[in-house]
Amino acid sequence: HGFNGIGDIPPLRLGALSAESKRVNLGVIWAVVAIVMAMSASLLDSRVGRAIRTLNGARLMGESVGIDTVRLSRAVFVVAALYAGVAGFLFAHFQRFISPTPFGLGVSIDYLFMVIIGGAEFLWGAPVGAALVVVLRDQFNDWIPRITGRAGDFELLVFSLAVILLLQRAPAGLLPLLS
């Protein structure tokens, strides 16, 4: 339906079980996150995972020991696309309506900020970064009008300054600083 989106998507069902309530939805989401994190941890702890880690900054070293970095990069892209597909599937069935509106530039910047905060090198970086961004954005929406005395879109300015500071002071993310 173009920009009108797709409506009337049925809730997720598994036999007689239905994910119509928010509690069941939350349980399914956390179960999928746990499975994906366990699969990712298992992958990164394997021999292939060590080769994947060379893609981040030691590509030439990986190639010198016989790792096909182009093929491995494609495989990592396919795994990331699989994860994104599962997330889109869950999003569509839990929202029961999907349109291009929630996937604009601002949301993409939020995702980038989540990875910057958590650090791209750590498995738990993205979930920790996502939790921090969601909580901070919610708190900024409450605090900034109280501090400035005016309502406005000031959280964008605060988040932009935070991204600049993080990229300068902690390019590997906040998680490595805490450990």
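Residue indices begin at 1 and follow the sequence shown.
R96 is not listed as a side-chain neighbour of P10, based on a closest heavy-atom distance of 4.5 Å or more. Side-chain contact check for L55 versus S73: some heavy-atom pair is nearer than 4.5 Å.
Looking at every heavy atom in both residues, L123 comes nearest to S40 through CD1-CB, 3.4 Å. For the pair A92 and I98, the tightest heavy-atom approach, listed with the atom from each and the gap, is CB-CD1, 4.2 Å.
For the side chain to side chain contact (heavy atoms under 4.5 Å, CB included) criterion with F94, the lone passing option out of V28, L26, V24 is V28.
Between the CG atom in L90 and the CG atom in N25 there is a gap of 9.0 Å [rounded to 0.5 Å]. Within the model, atoms CZ of R47 and CD1 of I52 stand 13.0 Å from one another, a figure rounded to the nearest 0.5 Å. Note that the CD1 atom of I35 and the CE atom of M39 stand 8.5 Å from one another [nearest 0.5 Å]. Here the CZ-CG distance, from F113 to L136, works out to 7.5 Å after rounding to the nearest 0.5 Å. Between R50 atom CZ and I67 atom CD1 the span is 9.5 Å, to the nearest 0.5 Å. Between the CG atom of L12 and the CD1 atom of I29 there is a distance of 10.0 Å, given to the nearest 0.5 Å.
Between the side chain of H93 and the backbone N or O of I9, no donor-acceptor pair lies under 3.5 Å. Using a distance-only test at 3.5 Å, with no hydrogens or angles considered, no donor-acceptor pair links the side chain of S42 to the main chain of A38.
In the hydrophobic cluster analysis, where Ile, Leu, Val, Met, Phe, Trp and Tyr join through side-chain heavy atoms closer than 4.5 angstrom, V32 is grouped together with W30. Taken together through direct or relayed side-chain contacts under 4.5 Å among Ile, Leu, Val, Met, Phe, Trp and Tyr, V107 and V115 form parts of separate hydrophobic clusters. Residues V76 and V65 share a hydrophobic cluster, clusters being chains of Ile/Leu/Val/Met/Phe/Trp/Tyr side chains in contact below 4.5 Å. Cluster membership check: I117 does not share its hydrophobic cluster with I164, using side-chain heavy-atom separations under 4.5 Å among Ile, Leu, Val, Met, Phe, Trp and Tyr. Under the 4.5 Å side-chain contact rule for hydrophobic residues, L82 and V36 do not share a cluster.
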Could you go through F91 and F103, starting from their C-alpha distance and side-chain angles, then the distance that decides it, and tell me whether this counts as ring pair (Phe, Tyr, Trp, His ring centres under 6.0 Å)? CA-CA 12 Å; F91 181 79; F103 305 105; 5.5 Å; yes

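Salt-bridge formation is detected for the pair D110/R137: a Lys NZ or Arg NE/NH1/NH2 atom is positioned less than 4.0 Å from an Asp or Glu carboxylate oxygen.
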